[in-house]
Structure formats: structure tokens, C-alpha cells
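Notes follow the structure.
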Amino acid sequence: MTGKQETYMQEALKQAKLAFGKDEVPVGAVIVHNNTIIGRAHNQTKMLKDPTAHAEMIAVTQAAAHLKNERLQDCDAYVTIEPCPMCAGAMILARIRNLYYSTEDPKSGACGTVLNVAEERKLNHCVKTHSGILKEESRSLIREFFKKKRTNARSKITFRIS
């Protein structure tokens, strides 16, 4: 991977850290066109009470608005965790050229781990996927978030002895 790709993934990681600070699952995404970021977002599902408010979905919407076009053919996406089926589908519909993601999602990854929606040849477009950029940083952030969640959940359990 190039230094440029790491730079864009660092920007996605900044977004993921914003999500972490807001108690959202720490996923960040940026969309790049002609070496310029035209969409950047983090998960906002809890804040917006919207199950579709994933970082990728919001970043794709921003990029399409910026280009005034629903087709993002000359764009690349950088995401801190492997996109789910919904987000991979949105990237296909937007005609994203390349997807770079940091780490796999063993529960709902749709770019090779659980499914491979992004590169499904039966669909009208395939998104070329690349993984592993800043993998440990992204993986650590996700693990820290869920460890904190589990610790908080355990601390809320009370026992009554009669």
C-alpha cells in the first residue's frame, strides 16, 4: 500500500475515533476523488436513531452530493472495518472504483469474510477490494470499544441476596 492510502485511512480512523467518543460503534469512512476527500463520516446510528446511518452510507451520500452525481465511478472508499451487505451494496450502486478497508468483520463483513457482495460477478458492478491498511489501529479501536461495553454492562448487574 502507498503512503497516500495510509493517509486516507488515517482520516477514516479520525472519523472512527469521533464515533467512539459518541458511544457509536467506531467505524469511519472517507470517499476520495482526484486525491481530494469529498465525503467523510462516522457511524451515527444511535444518534440519528437510524439503522442505515453507517459511516459508509453517509460518506457516499456526501460524495454524491459533492459531485452532483449518483455515480462515483472515479472514487475510492476508505473504511476502518469491512463493510456490511448494505454498505457494500451502496458502493456497488454508486460504482465506487476501489474499496480499502482496515480489518475484517467476522460477523457481517460483505467483502470477503462472511459474504463477498462487493466482488459478486453476477451484479452489474464490482468494487475492487483491498484490506489490511492500518489493520492493527482499527482492530484495537473496535476491541477497546466492545471491551468497554462489556465492562459497563457487567457493572450494571446487581445482585440481591434475600
Side-chain angles (χ1 to χ4, degrees), residues 1-20 24-139 141-142 145-146:
M1 295 297 137
T2 68
K4 195 182 295 188
Q5 291 163 340
E6 285 188 7
T7 298
Y8 294 134
M9 193 60 77
Q10 283 287 357
E11 291 300 315
L13 269 166
K14 286 179 187 176
Q15 291 296 311
K17 290 173 184 173
L18 287 173
F20 186 101
E24 296 274 3
V25 175
V27 178
V30 297
I31 307 293
V32 177
H33 179 257
N34 292 336
N35 298 313
T36 301
I37 295 173
I38 61 170
R40 71 175 75 225
H42 57 276
N43 275 3
Q44 298 177 44
T45 57
K46 289 178 76 173
M47 183 180 81
L48 298 175
K49 308 289 186 256
D50 179 356
T52 69
H54 289 198
E56 302 95 310
M57 300 293 284
I58 297 167
V60 164
T61 299
Q62 288 176 358
H66 176 85
L67 294 177
K68 296 177 178 55
N69 193 330
E70 73 279 10
R71 301 286 186 243
L72 305 177
Q73 296 172 149
D74 298 322
C75 295
D76 298 325
Y78 293 81
V79 185
T80 58
I81 193 165
E82 182 180 3
C84 71
M86 173 183 68
C87 295
M91 289 182 197
I92 290 166
L93 293 173
R95 309 295 196 273
I96 293 283
R97 178 178 50 196
N98 289 293
L99 163 66
Y100 300 90
Y101 67 89
S102 291
T103 191
E104 302 81 15
D105 182 345
K107 302 241 180 205
S108 61
C111 300
T113 301
V114 177
L115 305 167
N116 197 349
V117 173
E119 294 182 333
E120 175 54 60
R121 297 286 173 205
K122 292 177 184 173
L123 299 175
N124 63 340
H125 178 75
C126 290
V127 178
K128 188 169 180 174
T129 61
H130 315 270
S131 64
I133 304 171
L134 303 179
K135 183 176 187 168
E136 287 312 311
E137 291 91 328
S138 293
R139 185 179 282 176
L141 191 62
I142 291 282
F145 178 80
F146 285 108

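None of these values were measured; they are calculated from a predicted model.
Taking CG of N69 as the reference point, atom CG of L72 lies at 7.0 Å (rounded to 0.5 Å). Once rounded to the nearest 0.5 Å, the distance linking SG of C75 with CD1 of I37 reads 12.0 Å. Distance check, rounded to the nearest 0.5 Å: CG of L67 to CG of D74 gives 9.0 Å. Atom CG of residue L134 and atom CG of residue L141 lie 12.0 Å apart, to the nearest 0.5 angstrom. Between the CD1 atom in I38 and the NE2 atom in H33 there is a gap of 6.0 Å [rounded to 0.5 Å].
Between T45 and E24 the shortest side-chain heavy-atom distance falls below 4.5 Å. Between F20 and V25, the closest side-chain pair of non-hydrogen atoms is not below 4.5 Å. Residues C111 and L99 meet the side-chain proximity criterion, which asks for heavy atoms closer than 4.5 Å. Residues E137 and S102 form no side-chain contact, since every pair of their non-hydrogen atoms from C-beta on lies 4.5 Å or further apart.
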Side-chain donor-acceptor contacts of residues 11-18 below 3.5 Å, not counting sequence neighbours, with atom names and distances?
residue	atom	partner	partner atom	Å
E11	OE1	R40	NH1	2.9
E11	OE2	K14	NZ	3.0
Q15	OE1	H42	ND1	3.2

Throw together a table of side-chain donor-acceptor distances under 3.5 angstrom for residues 49-57, partners on residues two or more places apart or in other chains.
residue	atom	partner	partner atom	Å
K49	NZ	K46	O	2.9
D50	OD1	T52	N	2.8
D50	OD1	T52	OG1	2.7
D50	OD2	T52	OG1	3.2
H54	NE2	P51	O	3.3

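The side chain to side chain donor-acceptor pair (under 3.5 Å) check on E104 picks up K135, R139, with sequence neighbours excluded. A search for salt bridge (Lys or Arg N to Asp or Glu O under 4.0 Å) contacts involving R71 returns nothing, not counting sequence neighbours. Residues satisfying the side chain to side chain donor-acceptor pair (under 3.5 Å) test with S108, not counting sequence neighbours, are D105. Taking the ring pair (Phe, Tyr, Trp, His ring centres under 6.0 Å) definition, one finds that Y101 meets it with nothing, sequence neighbours left out. The side chain to side chain donor-acceptor pair (under 3.5 Å) test applied to N35 returns K4, not counting sequence neighbours. Residues satisfying the side-chain contact (heavy atoms from CB on, under 4.5 Å) test with L123, not counting sequence neighbours, are I92, V117, E120.
Side-chain atoms of S138 and T80 include no donor-acceptor pair closer than 3.5 Å.
Judged by distance alone, the side chain of H125 and the main-chain N or O of I96 form a donor-acceptor pair under 3.5 Å. Without hydrogens or angle criteria, N43 side chain to P26 main chain gives no donor-acceptor distance under 3.5 Å.
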Working note: M91 + V79, criterion side-chain contact (heavy atoms from CB on, under 4.5 Å); need CA distance, chi angles, decisive distance, verdict. CA-CA 12 Å; M91 289 182 197; V79 185; 4.0 Å; yes
Given the rule in the side-chain contact (heavy atoms from CB on, under 4.5 Å) test, do R121 and C126 qualify, once you have shown the distances and angles that lead to the verdict? CA-CA 7 Å; R121 297 286 173 205; C126 290; 3.5 Å; yes
Carefully, step by step, assess E6 and I133 under the rule side-chain contact (heavy atoms from CB on, under 4.5 Å). CA-CA 6 Å; E6 285 188 7; I133 304 171; 3.9 Å; yes
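Residue pairs that meet the side-chain hydrogen bond (donor to acceptor under 3.5 Å, both in side chains) test with at least one member in residues 81-98, sequence neighbours left out, are D76-R97, D76-N98, E82-T113, N98-H130. Residue pairs meeting the ring-ring contact (aromatic ring centres under 6.0 Å, His included) criterion with at least one member in residues 60-85, sequence neighbours excluded: Y8-Y78, Y78-Y100.
Taking every heavy atom of both residues into account, C84 and A110 meet most closely at C-CB, 3.5 Å. Residues A59 and I31 come closest through the heavy atom pair O-CG1, 3.6 Å.
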